[in-house]
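Some notes on the structure that comes next.
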Amino acid sequence: VTKAWALLIKAQFDQVEACIEAAETALTAGAEARSPTGRPAQEIRGHITAVQAIMAGNVGDDPRTIVLSRQALELVGKDGLLYSTLLMGLGEAYARSDDTDAARRVFSEAIAAGKEIENVVPSLVAMSGLGWLYLHMGDLHRAAEIGKQAVQFGIDACVPHDGEQKRPVPATGISYTLLCLCHYQWNDLDAALLYANEAIECCKRWGHIGNLVESYLLLAIVQGARGDAAGLDQTTAALWHLVKSTQGRAGRVLSLAVEQTIRQLESLQASIWLSRGETDAAAQWLARKVEEGRLLGDDPLPYMIRPRLLLVQGKHDEAKRIMESALVWAETRHRIDVVIHRLAMLACVQVEAGDVGQALSTLERALQLAEPGGYIRVFVDRGKSMAALLRQAAARGLAPDYVSTLLEAFRARTRDLSPTLVRTLVEPLSDRELEILRLIAAGLSNREIADTLVVSINTVKTHVRRLYGKLSVNSRLQAVERA
């Protein structure tokens with residue numbers, strides 16, 4: 001059993017299973033109250049069950065994790081180190097199973113137990129898990145507060161050797177990812193970038209592939225929002241390198257994590273294609289995955305790739321059906337953060353389909369859920385359709401202060417058009433074309449641009465055609481992304 005724990009710490013999962021089988025055989029053959037090593041048989045059984053519980057958690061078998069963890073907790077009692085570790089895994093399994101009340105109770109117990117014996121990693125994981133629970137409930141402020149407490153705990157727990165700089169313990173990385181996502185949603189991209197890089201640095205030292213991948217994916221999202229195309233390409237390249245370096249040494253359990261990483265990477269690449277106007281590449285990838293049976297026909301996918309693609313293709317009814325189904329999924333699981341995202345996307349689908357009244361109703365519900373947490377990026381990331389819808393919401397007096405904040409975020413986005421854009425074009429945009437490009441990014445129609453600039457709509461169309469040619473694009477979305 002001791003060897004199994006050592007192998008588990010080193011993530012040599014396939015060898016762990018062989019050790020546990022041997023331990024169970026020996027324990028059964030002994031049939032006495034004490035094992036050959038002199039340790040009580042119940043204690044040995046508790047350790048075996050604990051290892052099995054952690055292994056089940058590593059492969060995402062949450063029902064089995066919950067059953068085994070509870071059994072192990074009864075067998076080992078309040079053995080400090082193992083007790084807090086088991087509570088940490090049990091809390092994560094409850095959280096993934098959407099049992100929020102149970103997860104919150106167990107995480108709180110794990111934090112207290114871990115701190116009592118100065119067991120840093122389970123305490124950090126439980127603190128971050130509690131923060132993620134609040135994030136899933138849409139409470140970004142409470143989530144960030146817990147995230148900051150966890151980071152400080154991780155820093156205070158570090159005991160540097162002589163001459164070494166004090167750094168957070170590696171497991172603090174998961175707390176940094178929590179803070180990154182909160183600040184991203186608040187549109188504080190500088191802070192989000194800082195936290196993403198801190199998460200990567202910690203997770204590299206930790207050696208936990210799942211958390212390292214999550215950190216890189218968050219960095220990619222932040223870089224995309226900042227318009228850092230070069231940085232985004234570097235991050236995706238680093239992710240692929242991580243996958244390839246891991247594949248060579250992956251056993252059965254680790255291979256599951258690698259396979260999940262590949263799916264996330266491919267989805268990220270498809271999202272990037274859509275953002276850059278490479279619709280055909282995204283469509284071909286999606287069709288191939290459905291044909292291979294790796295995706296369901298109505299799966300919205302990470303980054304809402306399928307409904308975004310359907311919108312570009314003008315298939316509004318199909319996009320609406322998928323988003324409505326995705327919304328029901330999130331509501332059933334009480335995932336308020338996901339509900340907000342999907343309501344925002346559904347509102348855009350409805351407005352593109354010409355159902356403005358229904359879109360405003362959907363948007364109003366999204367605003368009611370999102371305002372307490374201060375969500376911004378969930379709306380800004382939806383682009384020109386959302387900007388236009390928010391202006392109509394403002395005209396109708398819906399959540400006036402909050403909508404004003406969101407519209408200001410859209411205006412700031414247009415002011416932040418890359419200053420290198422003009423220098424990189426063969427034929428630079430004129431001042432008037434730049435002005436029109438900013439208005440396009442703000443979601444204005446040709447008629448609204450004409451009214452704003454006090455020119456004819458034909459003049460606007462002429463400028464739009466010219467800037468399309470200079471940018472080598474064919475649509476408004478591509479023009480904004482190119483900028």
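All values derive from a computational prediction rather than experimental measurement.
Of the N and O atoms on the side chains of Thr236 and Gln269, not one donor lies less than 3.5 Å from an acceptor on the other residue. Donor-acceptor pairing under 3.5 Å is lacking for the side chains of Gln264 and Tyr216. Between the side chains of Asp156 and Gln152, at least one donor-acceptor pair of N or O atoms lies under 3.5 Å. A donor and an acceptor atom, one from each side chain of Thr362 and Gln350, are located under 3.5 Å apart. Donor-acceptor pairing under 3.5 Å is lacking for the side chains of Thr177 and Glu214.
Glu92 is listed as a side-chain neighbour of Phe107, based on a closest heavy-atom distance under 4.5 Å. In this structure the side chain of His334 never reaches within 4.5 angstrom of the side chain of Met137, judged on heavy atoms. Proximity of Leu189 to Asn187: side-chain heavy atoms (C-beta onward) are separated by under 4.5 Å at one or more points. Counting heavy atoms from C-beta on, the side chains of Ile54 and Thr85 come closer than 4.5 Å. At a threshold of 4.5 Å between non-hydrogen side-chain atoms, the residues Arg308 and Ser271 count as touching.
Taking the ring pair (Phe, Tyr, Trp, His ring centres under 6.0 Å) definition, one finds that Tyr195 meets it with His183, sequence neighbours left out. With sequence neighbours excluded, no residue satisfies salt bridge (Lys or Arg N to Asp or Glu O under 4.0 Å) with Asp61.
Under the 4.0 Å criterion applied to side-chain N and carboxylate O atoms, Arg321 and Glu324 are not assigned as salt-bridge partners. Salt-bridge formation is detected for the pair Asp337/Arg335: a Lys NZ or Arg NE/NH1/NH2 atom is positioned less than 4.0 Å from an Asp or Glu carboxylate oxygen.
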>> One pair to check against side-chain contact (heavy atoms from CB on, under 4.5 Å): Arg342 and Trp329. What are the steps and the verdict?
In response: CA-CA 10 Å; Arg342 295 185 175 180; Trp329 181 95; 3.7 Å; yes
>> Before you tell me yes or no, could you show the steps for Val380 and Met386 under side-chain contact (heavy atoms from CB on, under 4.5 Å), namely the whole-Å CA-CA distance, both residues' side-chain angles and the distance that decides it to 0.1 Å?
In response: CA-CA 7 Å; Val380 173; Met386 179 57 69; over 6 Å; no
>> Would Leu218 and Tyr184 count as a side-chain contact (heavy atoms from CB on, under 4.5 Å) here? Give the steps.
In response: CA-CA 9 Å; Leu218 283 174; Tyr184 176 79; over 6 Å; no
>> Let's go through Leu193 and Asp190 carefully: what are the C-alpha distance in whole Å and the side-chain angles of both, what is the deciding distance for side-chain contact (heavy atoms from CB on, under 4.5 Å) to 0.1 Å, and is it a yes or a no?
In response: CA-CA 5 Å; Leu193 181 65; Asp190 290 341; 5.7 Å; no
>> The test is salt bridge (charged side-chain N to carboxylate O under 4.0 Å, His left out); show your working for Glu145 and Arg142 and say whether it passes.
In response: CA-CA 5 Å; Glu145 180 185 345; Arg142 181 68 176 131; 3.3 Å; yes
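Within 6.0 Å of CZ in Arg70 there are 12 or fewer heavy atoms belonging to other residues, nucleotides or ligands. Counting non-hydrogen atoms of other residues, nucleotides and ligands closer than 6.0 Å to CD of Glu331 gives a total above 12.
Under the 3.5 Å distance criterion, the side-chain polar atoms of Ser215 are matched with a main-chain donor or acceptor of Asn211. Within the 3.5 Å criterion, the main-chain N or O of Val169 finds a donor-acceptor partner in the side chain of Thr172. Looking at Arg205, its side chain does come within 3.5 Å of a backbone N or O of Pro168 through a donor-acceptor pair.
Taken from NZ in Lys320 to CG in Leu310, the straight-line distance is 14.0 Å, to the nearest 0.5 Å.
Cation-pi contact between Lys148 and Phe153: absent, since separation from the ring centre below 6.0 Å together with deviation from the ring axis within 45° is not met.
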